[in-house]
Amino acid sequence: MRLEKSFYLRDDVVQISKDLLGKYLVTEWDQVRTAGKIVETEAYRGPEDKASHAYGNRFTSRTKVMYEEGGLAYVYLCYGIHHLFNVVTGPKGKPHAVLIRALEPVESLDLMLERRGIKKLQPRLTAGPGSLSKAMGIQTAHSGFSLLEGDSPIWLEDRDEPIVPEQIQASPRVGVDYAEECALWNWRFRIKNSKWTSLPK
DNA sequence: CGAATGATCGGCT
DNA sequence: GCCGATCATTCGA
């Protein structure tokens, strides 16, 4: 079933980041559905997190969706090439978000392969935030889309596959060395032994 | 208005 | 392992 609003509205984005492991990300553009199981995430805790786009409550046209009530998509372009998909969480006014970093492909693998221009199934299909967005057909134009409304083409599902704490491996986040002391926080979470994530630092 | 900068990826060595 | 791609966004002048 689709994750409910109450899941996103909690204030603890680190907990939500862990809870998202084992959930499913689904997109359905023009009746064509692709889905993947979330196996790697990173938490970005708004104002106090130097690695966040919303550090110090920075408010711009790009980051404004992070300040909305949880349950929206935040998508932005990185290195001019990659579309990175985040889930906005927390109550309105708290710019918290979770970056989805890797998926285990589950539905319509052929379409994902085609979107990525890859012939053979391999982890590189959906490992890495830019790669999974491409495989799922997610672009910056989808930033601000609701994950909750019934007619939304993108959402998250709970398929009743709980992840126990022993399966979760925490490590420092990727690519945020500039964030000083925040770069040391173990806010990257992955499912242990999953073939569909890259190795932790 | 111009310049710098990435929450990265994939190809090549 | 390293390196170049490639452009929206941001900030300062």
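Note that the structure is predicted; figures quoted are calculated from it, not measured. Hydrogens, waters and symmetry mates play no part in the numbers below; they use all other heavy atoms, side chains included. Just so we're on the same page: letters track the sequence lines, and every chain starts at 1.
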For this session: Between C/dA5, B/dA7, C/dC11, spot the one nearest the side chain of A/Thr60, thanks.
Result: C/dC11
For this session: Between C/dT6, B/dC9, B/dA7, spot the one nearest the side chain of A/Ile81, thanks.
Result: C/dT6
Exercise. Among B/dG10, B/dA7, C/dT10, which nucleotide sits nearest the side chain of A/Leu84?
Worked result: B/dA7
Problem set entry | Spacing between A/His83 atom NE2 and C/dT6 atom P, to the nearest angstrom | 13 Å
For this session: Using only heavy-atom distances, decide whether a donor-acceptor pair under 3.5 angstrom links the side-chain of A/His53 to the base of B/dA7.
Result: yes
Exercise. Is there ring stacking between A/Tyr79 and C/dA5, where the centres must be under 5.5 angstrom apart and the planes under 30 degrees?
Worked result: no
Exercise. Would you say B/dC9 has OP1 or OP2 under 4.0 Å from some side-chain N or O of A/Arg116?
Worked result: no
Problem set entry | Touch class at under 4.0 angstrom, heavy-atom based, for A/Thr140 against every strand present | nothing
Exercise. Do the charged groups of A/Glu107 and A/Arg159 touch, with an N to O distance under 4.0 Å?
Worked result: yes
For this session: May I ask you to decide whether A/Glu180 forms a salt bridge with A/Lys50, counting only side-chain N to carboxylate O separations under 4.0 Å?
Result: yes
Exercise. Under 4.0 Å between a Lys/Arg side-chain N and an Asp/Glu carboxylate O for A/Lys92 and A/Glu68?
Worked result: yes
For this session: Take atom NE2 of A/His96 and atom P of B/dA7, then tell me their distance rounded to the nearest Å.
Result: 18 Å
For this session: May I ask you to verify if any side-chain N or O of A/Arg101 is less than 4.0 angstrom from the OP1 or OP2 atom of B/dT8?
Result: yes
Exercise. Taking the side chain of A/Tyr76 as its heavy atoms from C-beta onward, which of B/dA7, B/dG10, C/dC7 lies nearest to it?
Worked result: B/dA7
For this session: Look at A/Arg62 and C/dA8 and indicate whether a side-chain polar atom (N or O) is within less than 4.0 Å of OP1 or OP2.
Result: no
Exercise. Expressed in angstrom and rounded to an integer, what is the separation of A/Leu77 atom CG from B/dC9 atom P?
Worked result: 13 Å
For this session: Mind calculating the distance between CG (A/Asp177) and P (B/dG6) to the nearest angstrom?
Result: 11 Å
Seminar exercise, completed: Among the nucleotides B/dA7, B/dG11, B/dC9, whichever has the atom closest to the side chain of A/Arg124 is B/dG11
Exercise. Atom CZ of A/Arg188 and atom P of B/dT8: how far apart are they, to the nearest Å?
Worked result: 10 Å
Problem set entry | Atom pair distance, as rounded to whole Å: NZ in A/Lys134 and C1' in C/dT6 | 13 Å
Exercise. With nearest nucleotides of DNA chain C determined for A/Arg58 and A/Gly80 from heavy-atom distances, which residue corresponds to the more 5′ nucleotide?
Worked result: A/Gly80
Problem set entry | Among A/Asp12, A/Val13, A/Val88, side-chain contact (heavy atoms from CB on, under 4.5 Å) partner for A/His96 | A/Val13
For this session: Name the pairing partner of B/dA7, where a pair is Watson-Crick or G-U wobble with both distances under 3.5 Å, or state none.
Result: none
Problem set entry | Separation between CG of A/Leu103 and OG1 of A/Thr197, rounded to the nearest 0.5 Å | 11.5 Å
For this session: Calculate the interatomic distance between A/His82 atom NE2 and C/dA5 atom P; express it in whole Å.
Result: 13 Å
Exercise. What does B/dC12 pair with, Watson-Crick or G-U, if both distances are under 3.5 Å?
Worked result: C/dG1
Exercise. Under 4.0 Å between a side-chain N or O of A/Tyr178 and OP1 or OP2 of B/dA7?
Worked result: yes
Exercise. Where the side chain of A/Pro129 is defined as all heavy atoms beyond and including C-beta, which of C/dT10, B/dT8, B/dG10 is the nearest nucleotide?
Worked result: B/dT8
Exercise. Once you round it to whole Å, what is the distance between C1' of B/dT8 and CD of A/Glu42?
Worked result: 12 Å
Exercise. Hey, what's the ring geometry for A/Phe145 with A/His142, parallel, tilted or perpendicular (30° and 60° as the breaks)?
Worked result: perpendicular
